[in-house]
Amino acid sequence: MQSKYDFKVIESKWQQYWEEHGFYKVTEEPDRPKYYDLEMFPYPSGNLHMGHVRNYAIGDVVARFKSMNGFNVLHPMGWDAFGLPAENAAIKNGIHPAIWTYANIENMKRQLKTMGISYDWDRELATCKPDYYKFTQWMFLKLYEHGLAYKKKSAVNWCPSCQTVLANEQVVNGSCERCEAVVEKKQLEQWFFKITDYAQRLLDDLDMLPGWPEKVKIMQRNWIGRSEGCQFDMRIKGRDEVIPVFTTRADTVFGVTYMVMAPEHPLVEEISHNTPQAEAVQEFVAKMKLLSEIARTSTESEKEGVFTGAYAINPMNGEEVPIWIANYVLMDYGTGAIMAVPAHDQRDFDFARKYNLPIRVVIKGEDTPLNGAELTEAYVGGGIMVNSGDFDGNSVESGIAAVITYMEENGIGQGSINYRLRDWLISRQRYWGAPIPIIYCQDCGMVAVPEKDLPVLLPEDVEFKPSGESPLNYVSSFYKTTCPNCGNPAHRETDTMDTFVCSSWYFDRFCSPQESEQPFDKAAADYWMPVDQYIGGVEHAILHLMYARFFTKFLYDIKWLSCQEPFTNLLTQGMVLKDGSKMSKSKGNVVSPEDIINTYGADTARLFILFASPPERDLEWSDAGVEGAYRFLNRVWRLVLDYADLPQSQDGEAAELDEAARQLRFKTHATIKKVTDDIEGRFNFNTAISAIMELSNMLGAYRDNPNPQPVVFREALESMLLLLSPFSPHIAEELWQLTGHTDSITLMSWPQYDESALMQDEIEMVIQINGKVRDRITVPSTSDEETLRQLCMQTGRVSDQLQGKTIHKVIVVPGKLINIVAR
RNA sequence: GCGGAUGUGGCGGAAUUGGCAGACGCACCAGACUUAGGAUCUGGCGGCUAACACCGUGGGGGUUCGAGUCCCUUCAUCCGCACCA
């Protein structure tokens, strides 16, 4: 016998077998329970990395496990194939993004296939293919039709050195991730999706997702950032305009001593015009414009501002207060202007102290001074309203309600809710994305491309240069078109869509990826959706998962989907680390999955990565650990080959089991139970694998038994292979065949444990004295408490320990321990 | 600053409901087989001990017959958000 099993031969043999027999192809079967198991599809960067391996290994265990448990499992894979790296490669190396992308997909698919994952490759999709992005454009049209896609002027990240717009993700600490130039803000006409219309539902429905990690839900809640308060108008002294403000602290409205507008506020220029402040205001506004978003809004940067020369009137008490502009007020939250209450808001307090603005206390807490000058910091706690006219005496809570009611009754303002969530900017001035299907006609204005004209195809012959504009601007065959309304000359929108748009509905497409007339077949989606288990990195906790939820709700509203949430259960896997930090080229600590699979095989790679750590946690890569996994599979190999010629299992029980056989049978069924619970209940694959190792260890020990009982042994061996098969499917298939089976192990049912095998006649119990383990006794499992009390006193060690002590109490935990409390 | 997570042998980790701390694996040590071993098998392996005992889950305190697990407090590391009115 060879000392090492030949994984190369075995793995390619079974991969070929599965493929030839169409093992993982699925169709809707209304009579069977479905299970949609999905891993986040990758960006085709060119090579699989360990994070992918971990992601897909986890997903494959789930798929194979569910399949063996009778579910009709949909387990597809595809490519998030639009995106910047392809275009950057084009700029740098002169390779067309499409060629680069498809070559990468080819290579990654090849690598993925060597992993032996149970994908239905017939459903493979790539978001950059016209048959896919046709429907990404369809999604845009539907949103546009329902008023949820709109265009507005907006500040975007602009890299002055690359001469291009950057996505938020490409801005690292205020600088361009590629050239490290400081990113500026630039005003551009941009397309947005009105995700804010769904803010409340996106927030509320998080409660319908018990299968999501609490961490992710909290992050989404914070991101949506709902806050309740009220909005009211401040009149400007001597002018007709009013400035609306939003506050969560209506109870402090009598403490307003100034107000602040964002420097970008549209009224700033108006109100400072013709005042002595005009010049200072213009200077300050100009200065702010030059700053990056980070430099402008960071908590670290000092608060700065200037007086506008204008005054506002507090509608509650008629007081005039100066209007300032300052860096700490943001144009895109609330109304872009605030009432400032320095006594009860730390930011206002800091600002007031710096510019010597008055501070008036209107909430009296315990031991807080009533004189603003004595405050050392803003008082933000609870207390009683003071200096607030008729409202004095109210608590913070009742005061907020009372002030809002008063405002509503007197037409001053009203209760209002604000969200931190912003609309989703989907425009990209890039080539390698789905073109936004809009046409501009001189006569008709903005016209949506009719559905029948989709897809708006990306032209192939394009010149790539970093110009700050979409390369599509320079392709006249694309740019120039005719108006679908009037037929006059018109031009196309040249922005393409953010790739997050493409990934917001791909899980729907997987249900029926061949559809050419519609994005997906409703019946198929009704059968498969929602995704039962979604698995991927936590880095997508907010953006991708929020956008996908938004799309799902929208598709539900327009009656294309019947589920309101796309992902019932979410597993966020940890990172794969090497030497304590993330694998990266710059650190030189990258371990290549392809090398590992070549050296040890896919079964070993999968087994190690699942064994080393539970899935949610970060995983420290260990070459020695991989060796260990490989050794284990070789032990299993030898163990099975040693006994491959055992007789087939017989019906019914073996006549009489000796003690060793009973123990082995107990272990077999205990392992089935443990592995099942670990996979199903909590995805703890590491402990599931360790349980299989224990069973294999016991089988190894049993080989020395002079009187082995073949039926029990065979049951143990076969159970071990079945339990191992979702983790390391190739070796399990091969050994299953070698033990005389003709059907693939993939088609077998998951083993069921026999409750009666888990019954033990005798159990070991721990005896504690005052909580410390002093002895153990083996007793019949049926012993009653009284018997146990007596038995435990009789052991030598216990009676020694009890010398000279009085027993106060004896606690019996059935099946576990006896604790004698003695003093 | 706010929010979240984690902290257990030399290492990765286990202990699921308050009940034997350290399963399983790695590394290491000893032995067997062997011309040989970086293969395989057997045994050992938290600290301190000759042994008994004692100590031990980041630190301190508490609840309990009993705490890695619950409560209070504190430290460290990591992640997310960050002037959100």
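Below, each value reflects all heavy atoms present in this structure, side chains not excepted, and no hydrogens, waters or symmetry copies.
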Participant: Using the P atom on both, measure C65(B) against A82(B) and round to a whole Å.
Facilitator: 49 Å

Participant: Write down the distance separating the C1' atoms in U8(B) and A23(B), rounded off to the nearest Å.
Facilitator: 13 Å

Participant: According to a strict under-4.0 Å criterion, is Lys809(A) in side-chain N/O contact with OP1 or OP2 of C65(B)?
Facilitator: yes

Participant: Return no unless some side-chain N or O of Lys303(A) is found under 4.0 Å from OP1 or OP2 of A85(B).
Facilitator: no

Participant: Under 3.5 Å, is there a donor-acceptor pair between the side chain of Tyr600(A) and the main chain of Asp603(A)?
Facilitator: no

Participant: Please measure how far the P atom in G18(B) lies from the corresponding atom in G9(B), and state the result in whole Å.
Facilitator: 23 Å

Participant: Can you tell me the base-pairing partner of A30(B)? Count Watson-Crick or G-U wobble geometry only, both distances below 3.5 Å, and say none if there is no partner.
Facilitator: U42(B)

Participant: Using whole Å, what does the distance between atom P of nucleotide C81(B) and atom CD1 of Ile224(A) come to?
Facilitator: 15 Å

Participant: Let me know the distance between CD1 of Ile542(A) and P of G4(B), rounded to the nearest Å.
Facilitator: 15 Å

Participant: Please give, in whole Å, the distance from G4(B) P to Glu214(A) CD?
Facilitator: 10 Å

Participant: Please confirm whether the shortest side-chain N or O distance from Arg617(A) to OP1 or OP2 of A14(B) is below 4.0 Å.
Facilitator: yes

Participant: Under 4.0 Å between a side-chain N/O of Asn770(A) and OP1 or OP2 of G66(B), yes or no?
Facilitator: no

Participant: If the cut-off is 4.0 Å, is Arg420(A) near the phosphate of C81(B), judged by side-chain N/O to OP1 or OP2?
Facilitator: no

Participant: Which listed nucleotide (C26(B), C24(B), C55(B)) is nearest to the side chain of Ala624(A)?
Facilitator: C26(B)

Participant: Asn634(A) side chain N/O closer than 4.0 Å to the phosphate oxygens (OP1, OP2) of A39(B)?
Facilitator: no

Participant: Give the C-alpha distance, both sets of side-chain angles, the deciding distance and a yes or no for salt bridge (Lys or Arg N to Asp or Glu O under 4.0 Å) between Asp332(A) and Arg422(A).
Facilitator: CA-CA 8 Å; Asp332(A) 52 4; Arg422(A) 312 283 159 78; 3.0 Å; yes

Participant: U40(B) base to Lys4(A) side chain: any donor-acceptor pair below 3.5 Å?
Facilitator: no

Participant: For atom C1', what is the distance between A67(B) and C20(B), given to the nearest Å?
Facilitator: 14 Å

Participant: Using the P atoms only, state how far G60(B) lies from A76(B), rounded to an integer number of Å.
Facilitator: 16 Å

Participant: When the P atoms of G25(B) and U40(B) are compared, how many Å lie between them, rounded to an integer?
Facilitator: 13 Å

Participant: Could you measure between the two P atoms, the one in G7(B) and the one in U69(B), and give it in whole Å?
Facilitator: 11 Å

Participant: Just checking Lys215(A): does its NZ atom have more than 12 heavy atoms from other residues, nucleotides or ligands closer to it than 6.0 angstrom?
Facilitator: no

Participant: For a quick test of reading the model: is some side-chain N or O of Ser227(A) closer than 4.0 Å to OP1 or OP2 of A85(B)?
Facilitator: yes

Participant: Using whole Å, report how far NE2 of His265(A) lies from P of A85(B).
Facilitator: 17 Å

Participant: May I have the distance from Tyr600(A) (atom OH) to C26(B) (atom P), rounded to whole angstrom?
Facilitator: 13 Å

Participant: Quick check: does any side chain N or O of Arg360(A) sit under 3.5 Å from a backbone N or O of Phe254(A), one acting as donor and the other as acceptor?
Facilitator: yes

Participant: Taking atom C1' in both U6(B) and G19(B), what distance in whole Å separates the two?
Facilitator: 25 Å

Participant: What is the base-pairing partner of U63(B), counting Watson-Crick and G-U wobble geometry with both distances under 3.5 Å?
Facilitator: none

Participant: Which whole-number value in Å describes the distance from Asn684(A) CG to A15(B) C1'?
Facilitator: 12 Å

Participant: Is any NZ, NE, NH1 or NH2 atom of the basic residue among Asp6(A) and Lys8(A) found under 4.0 Å from an Asp or Glu carboxylate oxygen of the other?
Facilitator: no

Participant: Does G46(B) count as syn, meaning its glycosidic angle lies within 90° of 0, or as anti?
Facilitator: anti

Participant: Of the options Phe192(A), Phe500(A), Tyr547(A), which is the one that meets Trp424(A) in a ring-ring contact (aromatic ring centres under 6.0 Å, His included)?
Facilitator: Tyr547(A)

Participant: Using whole Å, what does the distance between atom P of nucleotide G18(B) and atom NZ of Lys816(A) come to?
Facilitator: 10 Å

Participant: Are Arg353(A) and Asp348(A) within salt-bridge range, i.e. N to O under 4.0 Å?
Facilitator: no

Participant: Counting Watson-Crick and G-U wobble pairs only, both distances under 3.5 Å, name the nucleotide matched with G7(B), or none.
Facilitator: C75(B)

Participant: Atom CD1 of Ile811(A) and atom P of C20(B): how far apart are they, to the nearest Å?
Facilitator: 14 Å

